Protein chains: 2
Amino acid sequence: MDRDAFHVYDTTLRDGAQQEGLNLSVADKLAIARQLDGLGVGYIEGGWPGANPKDTEFFRRAQLELELEHAQLAAFGATRRVGMKAADDPLIAALRDSGAGVVTLVAKSHDRHVELALRTTLTENLAMIRDTVSHLRTEGQRVFLDAEHFFDGYRANRAYALEVLRTAAEAGAEVVALCDTNGGMLPDWVSDVVVDVREALSPDGARVGIHCHNDTGCAVANTLAAVDAGATHVQGTLNGYGERTGNADLVTVVANLELKLGRHVLPEGLLRDATRIAHAVAEVTNVPPASRQPYVGTSAFAHKAGLHASAIKVDPNLYQHMDPIGVGNDMRLLVSDMAGRASIELKGRELGFELDQDLVARITKRVKEMESRGYTFEAADASFELLLLEEVEGVRPSYFDIESWRVITETAGESEALSEATVKLRAAGGQRMVMTGEGNGPVNALDHALRQAIGQAWPEVAKFELIDYKVRIVDQGHGTDAITRVLIETTDGVSSWVTVGVGHNVIEASWRALLDGLTFGLRRHNA
Amino acid sequence: MDRDAFHVYDTTLRDGAQQEGLNLSVADKLAIARQLDGLGVGYIEGGWPGANPKDTEFFRRAQLELELEHAQLAAFGATRRVGMKAADDPLIAALRDSGAGVVTLVAKSHDRHVELALRTTLTENLAMIRDTVSHLRTEGQRVFLDAEHFFDGYRANRAYALEVLRTAAEAGAEVVALCDTNGGMLPDWVSDVVVDVREALSPDGARVGIHCHNDTGCAVANTLAAVDAGATHVQGTLNGYGERTGNADLVTVVANLELKLGRHVLPEGLLRDATRIAHAVAEVTNVPPASRQPYVGTSAFAHKAGLHASAIKVDPNLYQHMDPIGVGNDMRLLVSDMAGRASIELKGRELGFELDQDLVARITKRVKEMESRGYTFEAADASFELLLLEEVEGVRPSYFDIESWRVITETAGESEALSEATVKLRAAGGQRMVMTGEGNGPVNALDHALRQAIGQAWPEVAKFELIDYKVRIVDQGHGTDAITRVLIETTDGVSSWVTVGVGHNVIEASWRALLDGLTFGLRRHNA
């Protein structure tokens, strides 16, 4: 692959970080940059040195600490200020001195934005672009240009928008990236504009790039449309992070280019790490990954097998648009309420068990019976694995025997309610423990009491943490007959697993899911 | 608008319900159908009567309880079984007798699927389609056909895939919907196939429809590409629910068609309720809404104003791709919520209050403050009405004063947990009551204790019953910092109402929702 032939340009650290609720420390940014390099992107836009102290620090530390194998850093910043010389503008100096291999300048290309937001003339805006690009080129920098609000600007004043691009290209900008900053475009429109832009620029002029947002739900398709029309530089963010509806999801764009369109835009083989990398970055940003995310989502290759399980066994490719290994993901069969023997068998194999026909029959029967009582194993892989182990090994993994538990929640007047739980059990060592835990909710209190009670025998549980809790009334019998289902997600800091509990009493259902959660975690850590 | 000119066909209740972790009760389905009708979709696919007992029940109750203004129901099912007469197949009879206005038959159009999954010959598959469509037409039904795995089938055996469509059309199917069942298509490919299909079908033959999944992140763009190529029937789901990466998000598709492409596909004005409806449905499914969802996401028009605040004030349209009022959303400049003055005013009017501007401003402020603490009023109309009454009348309706409450849940060994609640309060008459209630869950126990304690003063509460209970963790702080939101539905046997409670403690949040539930019911019965 010729890396120069096509630019994969990531802006997670700059434009992605604009997402509501997303806050990245310098250490977070360095960690994400390493992941991006592992994916093999060509360019990593790190932020705006000079304008943002955190970004200045990022570029400083990046020079010392980052050893990038595939990517170059890009420093993002604006053109020189109105009425100043580029050489005199300290913000331009900060870009020049950031140590990044590329400077990406953002420039206004929509006439109204020049007048209203920049408060200057159209002519001065062009001069700012020309001066800044020329100056940085003279100083030996590679320069890319982000033409902000380009598509809206093109509609409002095509001649001026094109003049902005021409000015930048003639001054030496290597890339002119067309930004759909407000995100309102559709693929055909993008395509038409890119074709027109390429005709307007001299053939040996700048490379055309594309930068899309997802406001019409078409960020990926818009990016592909631009590439089809001749763009050879695509910008996007990991997991589609970004302001409003987000930016184009770079992994989806790249997977489509590589796997659907046969364009080799990443170093050979690296796309196979995409799922791991997308999830690792989600851990850093602390934004829960979207299970329905294309290619890398946990549900992206999940099937409610049911009637089709036997056909899936014969030829899985009849039921998936590609082999998930291409992006490092896996086909998953959901044990659903249409669970048939074939899907149990497949599921067992996924977990590493070759089940004989008797065992498959027995497990299928038991799953059906439990599902009729309100259980679901679709999301609760860990509870299913415990059930499987119990059937395979003849005994359910067990690390403690519960004697009893109790939880009290109370309040007086307007003060906040508090919960207090007492758990009595014997842990593996045989010693009887009576522990009381408090919490701002009954399940929290139970979790605390339980982990204290078994913590002496099994210190691993100190690392476990309850990170998600979902409750659902499954059998809408009237009032008191209703059955409650609880799903609990537990983490050990590295991975997480989901367990299920069912009962008439929400606290009891939660308790059962808690027990499974700890049992599964202990099994994983002690096997 | 001519509703016949274009079909907006929703399959949330059938294909959307295939989403991992999504389980809809019959009551949920009826509630979602009402919302879909409010959005003005033309068709609501309700499920597979005859094959699935829950769906049979849905269609039975729909006939009795649903009064649809805009939509017709569609019953989904397969073609007759191999080697049977359509007239003798009880599953076909169930489709015919469901009471739905349309029967949508799914048929295999990929040769390998016919052989492997259906285990029959290509000829028999065509006969199954012909017989089933003809039979249902003879019985006076409108018939649509979903050509499953159409795009993959077209690639594998174009002639056969087209023959499937022709057979259905000639037998009287009104629509042939091309399904990208595995979701691997890109817009240009869809476009080419739709053009070819339209040429292959006789010009006065069936209407061409499109059904896309989001596996390449292009479900919306693929749907638009099909429409551009001549499809006049689009299928999708609310919030893009569906297997794997989900189906095409119907709201995004429709908003693009109406607001970007000028196609009028919904009854005038109804798209303005899209945001409210998308969120109300998310409450029913208990799937947290995606804040980055195009058009209706809470972040879809959110701006970190910063530098641009003044320019945004001068001309907000410079910074948004459309006016969010078109989909009932709001521009947000600060980290805040969804509530806008217009929607408060509208909701007030809906509840029978003409609010003056001061009152609207005050209520908006209060709602925003409460939403920032985790409240939602999208689904909890009754709690909102109580808040409104408090602001309009200067005092919140109140029928009792709580002194304190406590609830204990305990178990020993394997026996079922039981809960016992004690409530101390003064009811309207002034008498102090101390009552203990039992229940198989803490909320039930509290409900029993509370209704006993106020039952002497307000005997109406004996009729009230808690019929639904939903819990969601809204602020996913780690473990103990999380905020819990509870929605409770209460009935008096005639109608029902939903209330909301929020707190760090799930029991306390439930308690608040319970109090609102009883207060609202008493207000309704005593006013």
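Model, not experiment: these values are computed from the prediction. In what follows, chains are A, B, ... by sequence order, proteins preceding strands, each numbered from 1.
- Between B:Gly242 and A:Arg292 the shortest heavy-atom distance is O-CD, 4.1 Å.
- Between B:Ser404 and A:Thr411, the closest side-chain pair of non-hydrogen atoms is not below 4.5 Å.
- Ranked by heavy-atom pairs shorter than 4.5 Å toward chain B, the options A:Met185, A:Glu420, A:Lys260 are led by A:Lys260.
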Test side chain to side chain contact (heavy atoms under 4.5 Å, CB included) on A:Thr216 and B:Thr252; report intermediate values, then the result. CA-CA 7 Å; A:Thr216 64; B:Thr252 306; 5.6 Å; no
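- B:Asn440 places no side-chain N or O within donor-acceptor distance of the main-chain N or O of A:Asn505, the cut-off being under 3.5 Å.
- Going from atom CD of B:Gln19 over to atom OG of A:Ser299 covers 7.0 Å, rounded to the nearest 0.5 Å.
- From A:Ile408, atom CD1 reaches atom CD1 of B:Ile408 across 4.5 Å, with rounding to the nearest 0.5 Å.
- In this structure the side chain of B:Leu261 reaches within 4.5 angstrom of the side chain of A:Leu186, judged on heavy atoms.
- Remark: aromatic rings of A:Tyr319 and B:His113 are close, center separation under 6.0 Å.
- Neither the backbone nor the side chain of B:Trp511 comes within contact range of chain A, judged by heavy atoms closer than 4.5 Å.
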As a quick check of understanding, evaluate side chain to side chain contact (heavy atoms under 4.5 Å, CB included) for B:Glu410 and A:Val407, giving each step before the final call. CA-CA 6 Å; B:Glu410 61 187 331; A:Val407 56; over 6 Å; no
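- The nearest pair of heavy atoms linking A:Arg112 to B:Asp315 is NH2-OD2, 2.6 Å.
- Looking at A:Pro187, the atoms closer than 4.5 Å to chain B (heavy atoms on both sides) all sit in the side chain, from C-beta outward.
- Here the closest heavy-atom approach between residue A:His321 and residue B:Gly183 is recorded as CB-C, 4.3 Å.
- Among all heavy-atom pairs drawn from B:Asn256 and A:Cys218, the shortest one is ND2-SG, 4.4 Å.
- Rounding to the nearest 0.5 Å places CG of A:Leu318 at 7.5 Å from NE2 of B:His149.
- Between the CZ atom in A:Arg244 and the CD atom in B:Gln320 there is a gap of 9.0 Å [rounded to 0.5 Å].
- Looking at B:Ile507 and A:Ile507, their side chains come closer than 4.5 Å, going by heavy atoms from C-beta outward.
- For B:Leu418, the part lying near chain A is the backbone, with the side chain staying farther off; criterion is any non-hydrogen pair under 4.5 Å.
- Neither the backbone nor the side chain of A:Asn329 comes within contact range of chain B; no heavy atom of the residue lies under 4.5 Å from a heavy atom of that chain.
- Here A:Arg406 contributes atom CZ and B:Ser419 contributes atom OG; the two are 13.0 Å apart, rounded to the nearest 0.5 Å.
- Heavy atoms closer than 4.5 Å to chain A are found in the side chain of B:Asp188, but not in its backbone.
- Looking at B:Tyr241, the atoms closer than 4.5 Å to chain A (heavy atoms on both sides) sit in the backbone and in the side chain alike.
- In this structure, chain A has heavy atoms under 4.5 Å from both the backbone and the side chain of B:Asn214.
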Run A:Glu416 and B:Glu508 through side chain to side chain contact (heavy atoms under 4.5 Å, CB included) and show every step you take. CA-CA 8 Å; A:Glu416 281 229 342; B:Glu508 182 170 28; 4.0 Å; yes
Determine, step by step, whether B:Thr409 and A:Trp405 satisfy the side chain to side chain contact (heavy atoms under 4.5 Å, CB included) criterion, reporting the C-alpha distance in whole Å, the side-chain angles of both residues, the deciding distance to 0.1 Å, and the verdict. CA-CA 8 Å; B:Thr409 304; A:Trp405 57 265; 3.9 Å; yes
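- Comparing B:Gly184, B:Ala221, B:Ala248, B:Ala156 by heavy-atom pairs within less than 4.5 Å of chain A, the highest count is held by B:Gly184.
- Within a 6.0 Å sphere centred on NZ of B:Lys424, other residues, nucleotides and ligands contribute 12 heavy atoms or fewer.
- Residue contact with chain A, scored on non-hydrogen atoms closer than 4.5 Å, involves the side chain of B:Asp228 exclusively.
- Atoms CG and OH, on A:Asp215 and B:Tyr295 in that order, are 8.0 Å from each other to the nearest 0.5 Å.
- For B:His110, the part sitting under 4.5 Å from any heavy atom of chain A is the side chain, from C-beta outward, and nothing else.
- Interface remark: of the candidates B:Ala225, B:Gly503, B:Gly240, B:Gly240 forms the most heavy-atom pairs closer than 4.5 Å to chain A.
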